[in-house]
Amino acid sequence: MFSFFKKKPPAAEAPVAPVAQPVPAQPPAPADSAATSAVTSAAAPPAPARASWLGRLAQGLRKTGSSIATVFTGTRIDEALYEELEAALLMADTGVAATQDLLVDLKRRVKETKATEPAAVKALLADALTELLRPLERPLSIGAATPTVIMVTGVNGAGKTTSIGKLTRHLAESDCKVLLAAADTFRAAAREQLAVWAGRNQVEIVSQEGGDPAAVTFDAVTAGRARGCDVVIADTAGRLPTQVHLMEELKKIQRTIGKAQEGAPHEVLLVVDGNTGQNALAQVKSFDAALGLTGLIVTKLDGTAKGGVLAAIARWGAERGPAKGPVPVYFIGIGEKLEDLQTFNAREFAEALLS
Ligand SMILES: Nc1nc2c(ncn2[C@@H]2O[C@H](COP(=O)(O)OP(=O)(O)OP(=O)(O)O)[C@@H](O)[C@H]2O)c(=O)[nH]1
Ligand SMILES: [Mg+2]
């Protein structure tokens, strides 16, 4: 089985845990094997479930891929091919900067390998794309603090609550004690939606009718500490980065979490809808400027023509310099079912995008 997240072995994080509670010394066998497979999974052949998911990812991204793949159906490698490729990458929302970088890198690879067939150029593009996307590939790390507090943000309808539900199931299945915070107090339906996921996964939930989202989150983190939870996940209401007062509310939730537990939240995730293309990059930049993002979940990559946006996100990450580094893509979603949310792998994604 591939690793859905990385659980830190207890010994490694003793100096990091800022709270009095020691990190529980339990599940050594599954936790250690999970950590190991997180590091080694790239080389191993995919398990059957992963392979079938990859097939569906490729199918989902076919709208993006078909236009790029058709560039390589001819017989000659010439300037026209590169021009067509440039247009196809831009259409797939790869963005101007990443497209230019990819073309320069690709031409270098073609020269170096003395490729003569367009099909070989396609394989070289997959290599170039993989290298560009690689820095985004990082497992979500659980266990450096108890609880690990994860705050989930994003615009309306991006897939926050659904992704939390799926993530909760994977964590619960790995013997993590999870507590959910219904900090989307804006809509009653939002609380109920999260409560359904809590019920399905048999995890606890802290919610409050019409309460202040920061107060709900404070209560949840406090309860999570008292109850010895491994993970607390806070769902928040959807908002646009241009809604200043709502962004201030998010910052308040973030500060309040820090008051309930020093050093928290450990993860500030942005959920982005892959269909929004270049707008997804704009969202990443804005939410990062406001909150300092630690990771992304990219949803709805089933049936989008805009899968290239991950290349744009990677290119922007490289621009941020080594001190900040890229914002990793922890998970990608290709549908509404539980198994549709999986870890991001640069090589797999590049292959799927060009299939
Ligand atoms: N096709 C597809 N649909 C998805 C995916 N992820 C979520 N959805 C659907 O997107 C819709 C919105 O999902 P939610 O999880 O409610 O989104 P949200 O960000 O919590 O929305 P708000 O709380 O209203 O801001 C639902 O119908 C989900 O089933 C995905 O990967 N693929
Ligand atoms: Mg929601």
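All values below come from the heavy atoms of this structure, side chains included, with hydrogens, waters and symmetry mates left out.
The two atoms that bring Ile205 and Ala182 nearest to each other are CD1-CB, 4.2 Å, heavy atoms only. For Ala181 against Ala220, the heavy-atom pair with the smallest separation is CB-CB, 3.4 Å. Between Leu136 and Ala314, the closest heavy-atom pair is CD1-CB, 3.7 Å. In this structure, Ala120 and Ala115 approach most closely via the heavy-atom pair CB-CB, 4.0 Å. Of all non-hydrogen atoms in Ala237 and Asp184, the two that sit nearest each other are CB-OD1, 3.1 Å. Closest heavy-atom contact between Arg50 and Glu348: NH2-OE1, 2.6 Å.
Here the side chains of Glu117 and Phe72 are not in contact, with every heavy-atom distance at 4.5 Å or above. With a 4.5 Å cut-off on side-chain heavy atoms, Ile142 and Ile150 count as touching. Looking at Leu85 and Leu103, their side chains come closer than 4.5 Å, going by heavy atoms from C-beta outward. Under the 4.5 Å side-chain criterion, counting only non-hydrogen atoms from C-beta, Tyr82 is in contact with Ile77. Looking at heavy atoms from C-beta onward, Lys259 lies out of side-chain contact with Val221 at the 4.5 angstrom threshold. The shortest distance between side-chain heavy atoms of Arg315 and Glu319 falls below 4.5 Å. In this structure, Pro147 and Gln261 have side chains that are in contact, with non-hydrogen atoms separated by less than 4.5 Å. Contact annotation: the side chain of Asp212 approaches that of Lys252 to within less than 4.5 Å [non-hydrogen atoms, C-beta and beyond].
No continuous path of ILVMFWY side-chain contacts below 4.5 Å connects Val206 to Phe186, so the two sit in separate hydrophobic clusters. Under the 4.5 Å side-chain heavy-atom criterion for ILVMFWY residues, no single connected hydrophobic cluster contains both Ile332 and Leu338. Both Leu240 and Met151 are assigned to one and the same hydrophobic cluster, defined by single-linkage of ILVMFWY side chains at heavy-atom distances under 4.5 Å. A continuous path of Ile, Leu, Val, Met, Phe, Trp and Tyr side chains, each step under 4.5 Å between heavy atoms, connects Val272 with Val155, placing both in one hydrophobic cluster. By the criterion of side-chain heavy atoms lying less than 4.5 angstrom apart, applied directly or through intervening Ile, Leu, Val, Met, Phe, Trp or Tyr residues, Val96 is not grouped with Leu106; the two fall into different hydrophobic clusters.
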Exercise. Applying salt bridge (Lys or Arg N to Asp or Glu O under 4.0 Å), run through Lys251 and Glu248 and close with a yes or a no.
Key: CA-CA 5 Å; Lys251 289 184 199 170; Glu248 285 305 316; 3.1 Å; yes

Practice problem: Output, in order, the C-alpha distance, side-chain angles, deciding distance and verdict of side-chain contact (heavy atoms from CB on, under 4.5 Å) for Thr168 and Ile164. | Solution: CA-CA 6 Å; Thr168 301; Ile164 290 171; 3.9 Å; yes

Quiz prompt | Leu250 and Thr236: CA distance, side-chain angles, deciding distance, side-chain contact (heavy atoms from CB on, under 4.5 Å) verdict | solution = CA-CA 8 Å; Leu250 268 189; Thr236 63; 3.9 Å; yes

Self-check item: From CA spacing to verdict: side-chain contact (heavy atoms from CB on, under 4.5 Å), Gln100, Val104
Solution: CA-CA 6 Å; Gln100 293 313 322; Val104 169; 5.5 Å; no

Practice problem: In sequence, state the C-alpha distance, the side-chain angles, and the governing distance for Leu125 and Val71, and then conclude on side-chain contact (heavy atoms from CB on, under 4.5 Å). | Solution: CA-CA 12 Å; Leu125 177 63; Val71 172; over 6 Å; no

Using atom types as modelled, flag every donor-acceptor pair under 3.5 Å from a side chain in residues 274-288 to any protein atom, sequence neighbours excluded.
from	atom 1	to	atom 2	distance (Å)
Asn275	OD1	Thr304	OG1	3.2
Asn275	ND2	Asp273	OD1	3.3
Asn275	ND2	Lys300	O	3.4
Thr276	OG1	Asp273	O	2.5
Gln278	NE2	Asp93	O	2.7
Asn279	OD1	Gln283	NE2	2.9
Ser286	OG	Ala282	O	2.9
Asp288	OD1	Leu293	N	2.9
Asp288	OD1	Arg320	NH1	3.3
Asp288	OD2	Arg320	NH1	2.5

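Remark: side-chain polar atoms of Ser174 are paired, donor with acceptor, to backbone N or O of His170 under 3.5 angstrom. Without hydrogens or angle criteria, Thr148 side chain to Gly143 main chain gives a donor-acceptor distance under 3.5 Å. Between the Thr222 side chain and the Ala260 main chain, no donor and acceptor come within less than 3.5 Å of each other. Distance alone, capped at 3.5 Å, is enough to place a donor-acceptor pair between the Asp230 side chain and the Lys177 backbone. Judged by distance alone, with hydrogens and angles left aside, the side-chain atoms of Arg138 form no donor-acceptor pair with the main-chain N or O of Pro328 at under 3.5 Å. Judged by distance alone, the side chain of Thr94 and the main-chain N or O of Ala311 form no donor-acceptor pair under 3.5 Å.
Distance check: Arg227 CZ to Glu204 CD gives 4.5 Å after rounding to the nearest 0.5 Å. Once rounded to the nearest 0.5 Å, the distance linking OG1 of Thr153 with CG of Leu270 reads 4.5 Å. Expressed to the nearest 0.5 Å, how far CH2 of Trp197 lies from OG of Ser163 amounts to 9.0 Å. The distance from atom NZ of Lys107 to atom CG of Leu124, rounded to the nearest 0.5 Å, is 14.0 Å. Taken from CG in Leu90 to OG1 in Thr99, the straight-line distance is 4.0 Å, to the nearest 0.5 Å. With values rounded to the nearest 0.5 angstrom, Arg109 atom CZ is found 4.0 Å from Asp105 atom CG.
For the residue pair Glu267/Thr294, the side-chain donor-acceptor check at 3.5 Å is satisfied.
For Arg134 and Glu137, the salt-bridge test passes: some basic side-chain N is under 4.0 Å from an acidic carboxylate O. With salt bridges taken as basic N to acidic carboxylate O contacts below 4.0 Å, none links Glu339 and Arg56. Using a cut-off of 4.0 Å between Lys/Arg side-chain N and Asp/Glu carboxylate O, Arg347 and Asp127 are scored as salt-bridged. Salt bridge present: Glu173 and Arg169 bring a charged side-chain N and a carboxylate O closer than 4.0 Å.
Residues forming a ring pair (Phe, Tyr, Trp, His ring centres under 6.0 Å) with Phe344 (at least two apart in sequence, or on another chain): Phe349.
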